[in-house]
Protein chains: 2
Amino acid sequence: MSKKKKTTISDIAKELNVTPSTVSRALGDHPKISDSTKEAVLDMVEKLNYQPNNIASALRKGKSNIIGVIVPTSDRQFFASIIRGIEEIIREEGYHLMICQSDDQFDKEKSGIDTLLNVRVDGIIASVAKETTDISHYKKIKKQGVPLVLYDRVIDSFDVNHVVSDDFLGAYNAVTHLIEQGCTRIAHFAGKQHIKIYQDRLQGYIKALREHSIPVDDELIIESDLIQDTYSILRTGRELGSSLLQIPEMPDGIFSSSDFAAMGAIQVFKEKNIKIPDKVALVGYSNDFSASVIEPALTSLDQHTIKMGNCAARLFLEQMNSKEGTFTSKRKLIVPELIVRKSSQKKQEPIKA
Amino acid sequence: MSKKKKTTISDIAKELNVTPSTVSRALGDHPKISDSTKEAVLDMVEKLNYQPNNIASALRKGKSNIIGVIVPTSDRQFFASIIRGIEEIIREEGYHLMICQSDDQFDKEKSGIDTLLNVRVDGIIASVAKETTDISHYKKIKKQGVPLVLYDRVIDSFDVNHVVSDDFLGAYNAVTHLIEQGCTRIAHFAGKQHIKIYQDRLQGYIKALREHSIPVDDELIIESDLIQDTYSILRTGRELGSSLLQIPEMPDGIFSSSDFAAMGAIQVFKEKNIKIPDKVALVGYSNDFSASVIEPALTSLDQHTIKMGNCAARLFLEQMNSKEGTFTSKRKLIVPELIVRKSSQKKQEPIKA
DNA sequence: ATTGTGAATGCAATCGTTTGCATTGGCATA
DNA sequence: TATGCCAATGCAAACGATTGCATTCACAAT
């Protein structure tokens with residue numbers, strides 16, 4: 001329990017009658033150190049139970065080997081997978097993760113970034129909080145010369161590395177699928193339009209309709225806050241579903257920007273005995289596990305989040321290893337995959353359960 | 001993009017014709033520094049865009065203000081919530097989190113702990129990997145005098161702070177509930193018995209049976225690996241469900257140590273047209289979101305994971321702030337809550353959807 | 001014997017903050 | 001005028017590891 005005085009590199013040096021430099025080099029496997037001393041050092045490391053002090057090393061080297069991640073919230077599957085994806089890649093390069101949650105709040109995001117900067121992380125990988133409009137704190141990162149990669153919720157008009165899901169394409173494919181299944185009047189549960197991903201999904205929806213000469217009916221586009229806790233969105237979905245029942249000509253398809261909203265609607269429809277997908281077909285977004293479990297199982301878009309995390313990490317490494325000024329920021333698109341399930345399967349047999 | 005030379009405390013000092021000490025104290029709001037200098041310093045901080053160097057500070061103070069967390073995997077709801085719970089508490093005290101995933105592998109767990117020790121975290125909060133049997137790396141933490149708190153998957157016979165869910169009670173309540181609903185032959189989907197939480201759940205199950213003079217039938221206790229990815233457990237659940245259909249006298253109740261396994265069984269039963277809960281009632285464990293969505297909705301035990309995280313964090317702070325040697329390790333129990341839904345509701349109306 | 005060479009290690013400054021122990025100057029008290 | 005005291009600040013040594021630039025020593029070549 002008591003704070004032992006930790007053994008340092010000099011303790012080892014003293015014991016071996018060499019200087020700290022030698023020990024340091026031995027530990028770093030420096031070519032000019034004889035094998036015999038290297039062995040001796042390693043032995044002593046064991047004997048004295050030496051634990052390297054990364055802090056001292058980081059101070060001297062100006063490199064912490066930590067990379068910071070900002071997530072809106074760690075308890076959504078989506079972001080949890082991203083973290084995993086990032087970690088998979090960077091751990092191989094000897095980096096470690098420091099995670100800050102913004103809870104989608106501007107203040108927490110800002111202070112999180114400050115913290116990361118204070119511990120001198122070697123880079124930051126972030127997704128922007130839904131509240132955030134002022135982006136001076138992100139500019140600060142760039143100004144300090146710290147590599148920055150944004151993922152998913154990015155900032156247009158800000159020249160940094162991006163990795164985003166191709167939301168436009170995802171939406172387009174989803175709606176096209178509904179049309180192919182015979183839907184002619186398709187509603188859209190949209191997210192708040194100041195957030196890019198929801199804009200793109202709406203645009204993808206519109207394009208698919210236009211391409212099949214289906215008129216875009218504003219009445220069928222319902223915007224609501226789809227960034228909340230899961231149960232709240234489910235409730236929102238129920239309300240949206242109910243409201244659709246009120247309008248004169250009920251739509252025969254729904255493309256929802258959130259799985260949970262779609263599931264809320266499914267629940268309502270089932271209670272009212274409205275047949276899915278015959279009377280109304282649904283497609284959600286994100287391919288949450290529960291989408292495979294609800295009945296009928298919900299067709300959804302898998303965003304390949306782990307791959308997205310991988311990609312963000314690689315982008316960071318690339319920027320990190322490029323010599324000064326060489327690097328120009330890139331934008332990577334991850335293509336989402338439509339997982340067709342019963343909720344939209346009017347014609348053939350379901351492919352996946 | 002170029003690495004700007006960051007401004008330091010001495011830059012500020014030089015600019016103001018004082019010494020670094022004064023600036024340091026001013027920033028620390030030291031009482032002996034005049035208000036005027038404090039103001040001047042703050043102004044200069046703005047002007048020069050000073051960013052404190054936590055690394056240097058940590059080195060000097062021997063305190064990083066970072067606390068390390070080991071999670072088996074960040075992409076399970078359970079652990080994500082724990083992280084949230086921890087963060088809620090410690091952020092108020094100025095601490096930050098560094099998260100390592102063990103992926104339930106011994107090696108990664110070990111190297112994760114090493115990393116945390118290397119960056120000189122002020123404490124470690126961990127849940128033990130399912131693979132782990134050798135615990136020397138945990139002993140090392142303690143030996144180095146770093147506060148350690150274990151949560152959920154703990155190590156018996158190792159004297160450190162614990163916070164665990166009361167699995168015994170949870171299981172006991174679940175099974176008692178099934179009995180009250182009229183079940184007389186109750187199966188148990190058990191997890192691997194070298195893990196404490198699964199032992200406890202099995203014991204709770206047994207106790208409830210005994211108390212109601214129901215014989216414990218080994219045939220009805222099926223052990224399998226319940227720590228895998230979600231879809232795999234679902235599949236396992238399907239197999240378990242199918243296997244129960246084979247035995248002569250089908251059970252009329254199932255208590256599953258995993259929500260996902262229970263859901264797999266539900267799917268099979270529905271396919272075979274076996275009525276739930278009339279023919280067989282089910283209770284899961286963990287209260288995953290999907291439990292509320294499957295039909296019939298699955299009764300489950302909510303483990304109050306956020307509270308659990310809160311508790312772990314508080315335990316850490318307590319130990320941190322206790323003077324040397326004063327602290328004796330504690331064990332906190334979080335009481336799980338039975339959320340009754342249709343899957344087990346033979347008698348009354350469901351309380352929650 | 002002199003010089004050269006290379007392998008193995010030592011020296012000392014440095015990274016940016018913090019902090020115990022002075023020091024300074026001004027003002028009040030005796 | 002001398003003394004004491006306090007408020008405000010300075011000095012310099014840490015914290016532990018790294019690294020450019022010597023230095024040392026042994027041995028080979030001339």
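Reminder, nothing fancy here: chain letters follow the sequence lines and each chain counts from 1. Remember, predicted model here, so these are calculated numbers, not experimental data.
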> Would you sort out whether B/K330 and B/D159 count as a salt bridge (Lys or Arg N to Asp or Glu O under 4.0 Å), showing the intermediate values?
CA-CA 9 Å; B/K330 293 182 183 165; B/D159 180 40; over 6 Å; no
> Looking at every strand, decide which applies to B/D35 at a 4.0 Å heavy-atom threshold: base, sugar-phosphate, or nothing.
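Since no nucleic acid heavy atom lies under 4.0 Å of B/D35, the category is nothing.
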> Does the pair B/K140 and B/D114 meet the rule for a salt bridge (Lys or Arg N to Asp or Glu O under 4.0 Å), with working shown?
CA-CA 9 Å; B/K140 186 170 169 187; B/D114 256 331; 3.0 Å; yes
> Counting only side-chain nitrogens and oxygens, does B/T37 get under 4.0 Å of the OP1 or OP2 atom of D/dT9?
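Answer yes for this pair, as a side-chain N or O of B/T37 is under 4.0 Å from OP1 or OP2.
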> Whole-Å distance between C/dT9 C1' and A/K14 NZ?
18 Å
> Rounded to the nearest angstrom, tell me the gap between atom CD1 in B/I9 and atom P in D/dA14.
19 Å
> Closest nucleotide of DNA chain D for B/R120 versus for B/S34: which of these residues is on the 5' side?
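Nearest-nucleotide comparison on DNA chain D picks B/S34.
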> Is a salt bridge present between A/E15 and A/K47, judged by a nitrogen-to-oxygen distance below 4.0 Å?
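Not counted as a salt bridge, because no side-chain N and carboxylate O are separated by less than 4.0 Å.
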> Between A/S21 and B/N53, name the one whose nearest nucleotide on DNA chain C is closer to the 5' end.
A/S21
> Distance check needed: D/dT19 P versus A/R25 CZ, whole Å only.
9 Å
> What about B/T8: does its side chain form a donor-acceptor pair under 3.5 Å with the base of C/dC15?
no
> Measure from NZ on B/K61 to P on D/dA13 and round the result to the nearest Å.
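In whole Å, D/dA13 P lies 22 Å from B/K61 NZ.
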> Round to a whole Å and report the spacing from CD1 of B/I55 to C1' of D/dG16.
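Taking CD1 of B/I55 and C1' of D/dG16, I get 13 Å after rounding.
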> What nucleic acid atoms does A/S57 come within less than 4.0 Å of, heavy atoms only: base, sugar-phosphate, or nothing?
sugar-phosphate
> Select from B/V18 and B/L59 the residue whose nearest nucleotide in DNA chain D is closer to the 5' end of that strand.
B/V18
> Looking at A/R84 and B/D103, is any side-chain nitrogen of the basic one under 4.0 Å from a carboxylate oxygen of the acidic one?
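Yes, charged N to carboxylate O under 4.0 Å.
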> Please state how far atom CZ in B/R60 lies from atom C1' in D/dA12, giving the value in whole angstrom units.
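One finds 11 Å between C1' of D/dA12 and CZ of B/R60, rounded.
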> Consider the side chain of B/T19, meaning its heavy atoms from C-beta on, and name the nucleotide among C/dC11, D/dC11, C/dG16 that approaches it most closely.
D/dC11
> Give one of base, sugar-phosphate or nothing for A/D11, where a contact means two heavy atoms less than 4.0 Å apart.
nothing
> Between atom NZ in B/K32 and atom P in D/dG10, what is the gap in whole Å?
15 Å
> Tell me whether the OP1 or OP2 atom of D/dG10 has a side-chain N or O from B/T22 closer than 4.0 Å.
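For D/dG10, OP1/OP2 do have a side-chain N/O of B/T22 under 4.0 Å.
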> Atom CG of B/N118 and atom P of D/dG16: how far apart are they, to the nearest Å?
14 Å
> For a quick test of reading the model, state the closest non-hydrogen atom pair linking A/F106 to A/D134 and the distance between them.
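Closest heavy-atom pair between A/F106 and A/D134: CE1-O, 3.4 Å.
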